[in-house]
Amino acid sequence: MKAEARARANIALVKYWGKADDGPLNIPAVGSISITLDALWSDTEVQFDGSLAADELTLNGQNRPEQLDRVRRCLDLLRARAGVDHAARVTSRNNFPTGAGLASSASGYAALTTAAARALNLTLSRRELSVVARQGSGSAARSIFGGFVEMRAGTRPDGSDSYAEPLMAAGKWPLELVVAVTAREEKQVSSRAGMTRSAATSPYFPAWVAGSPPDLRQAREAIAKKDFESLADVAERNCLGMHGAALAARPPLLYWNAATIACLEAVRRLRRSAVPVFFTIDAGPQLKAVCAPGSSATVREALADVPGVVDVLESDLGPGAEAG
Ligand code: PMV
């Protein structure tokens, strides 16, 4: 009863920020659209073992008891389907900084769900896997699929229609990603805590939720038509809207540092000089630059020169989660 899986990080171009319920179902308040990346991944092994007293989690060689509730949530859903009650030993490793706004929970929970389902010999559709992964981390539902992916907010109270689905294969529009890493440490306020605080206290939160459906529509159309300008327009606006809602929370949430802003300005300068690139930023200080095919080398060079950038990562678009 042991299996491994690899899942990749994904970056949302239209963001998920806020939950429709505060319970364990983890139903999002808004849909989201993302790209799955090739170069940033989690490798996770799950072993169900009748001799274990409780579930155990090792992440990058360290015990992480504070993550166990969410891990257990995914494991319990799968154990119930398989009729198994053994505890599990989960060993996960990321090939990139953990908890720093690089979507490590997305790749981590997608890999966990895929490995655990395989270890239990369950044959689940990717849609079903995405429903389980969502309950570990909302963005993880999207990492089940490769390329361009949409997460549906859904309307059912049991969360059964809050799943991710593929929009377009990676190879049809091979966008490139450059990540400017501006801090390596784990962020102080997790996405989960940040979005809960935004929903509960930010006067801009209702406007953020209301603005999501038109942004999703524009992004869906831009992707279908491979319209880079339109995707750039909606992705930057949606990202700043999410951060606007977070900035107005009480106490305020400011995920950026000085280098994040300097990178944002560098991306705007590049676009003004006709380099096809746009930025997005998640719940952390890293800036993600999405580049039209063939322009990542120029963008990488420009971002590496920005004071405060400690590392630059590059990635193509990648596949969905794979059991190995
Ligand atoms: O999946 P979580 O709970 O880590 O939340 C992800 C939130 C953002 O990364 C900021 C946006 C998104 O859609 O990925």
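The figures here come from the full heavy-atom set of this structure, side chains too, leaving out hydrogens, waters and symmetry mates. Whatever order the structure lists them in is the order used to number ligands and atoms, beginning at 1.
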Would you call Ala106 a ligand 1 contact, heavy-atom distance under 4.0 Å?
-> no

Residue pair His243 / Trp17, side-chain donor-acceptor N/O under 3.5 Å | no

Could you tell me the residue and atom name of the protein heavy atom closest to atom 4 (O) of ligand 1, and the distance to it rounded to 0.1 Å?
-> Ser105 OG, 3.2 Å

Side chain of Glu176, backbone of Ser296: donor and acceptor closer than 3.5 Å?
-> yes

Distance-minimising heavy-atom pair for Val46 and Leu75 | CG1-CD2, 4.3 Å

Give the contacting part of Ser139 toward ligand 1: side chain, backbone, both or neither, where contact means a heavy-atom distance below 4.0 Å.
-> both

Any donor-acceptor N/O pair, Asp161 side chain to Thr155 backbone, under 3.5 Å = yes

Closest heavy-atom approach to atom 5 (O) of ligand 1 among His243, Arg134, Met195, Lys15 is made by Met195

Among all protein heavy atoms, pick the one closest to atom 14 (O) of ligand 1 and tell me residue, atom and distance.
-> Arg142 NH2, 2.7 Å

Between the side chains of Asn257 and Thr260, does any donor sit under 3.5 Å from an acceptor?
-> yes

First locate atom CG of Leu124, then atom OG1 of Thr114, and finally report the distance between them rounded to the nearest 0.5 Å.
-> 9.5 Å

What's the shortest distance from atom 9 (O) of ligand 1 to any protein heavy atom, and which residue and atom give it?
-> Asp282 OD1, 3.5 Å

So is Met151 close enough to ligand 1, meaning a heavy atom under 4.0 angstrom away?
-> no

Can you tell me which residue and heavy atom of the protein come closest to atom 7 (C) of ligand 1, and the distance to 0.1 Å?
-> Tyr16 O, 3.6 Å

Would you tell me which option among Gly284, Ser137, Ser190 has the nearest heavy-atom contact to atom 3 (O) of ligand 1?
-> Ser137

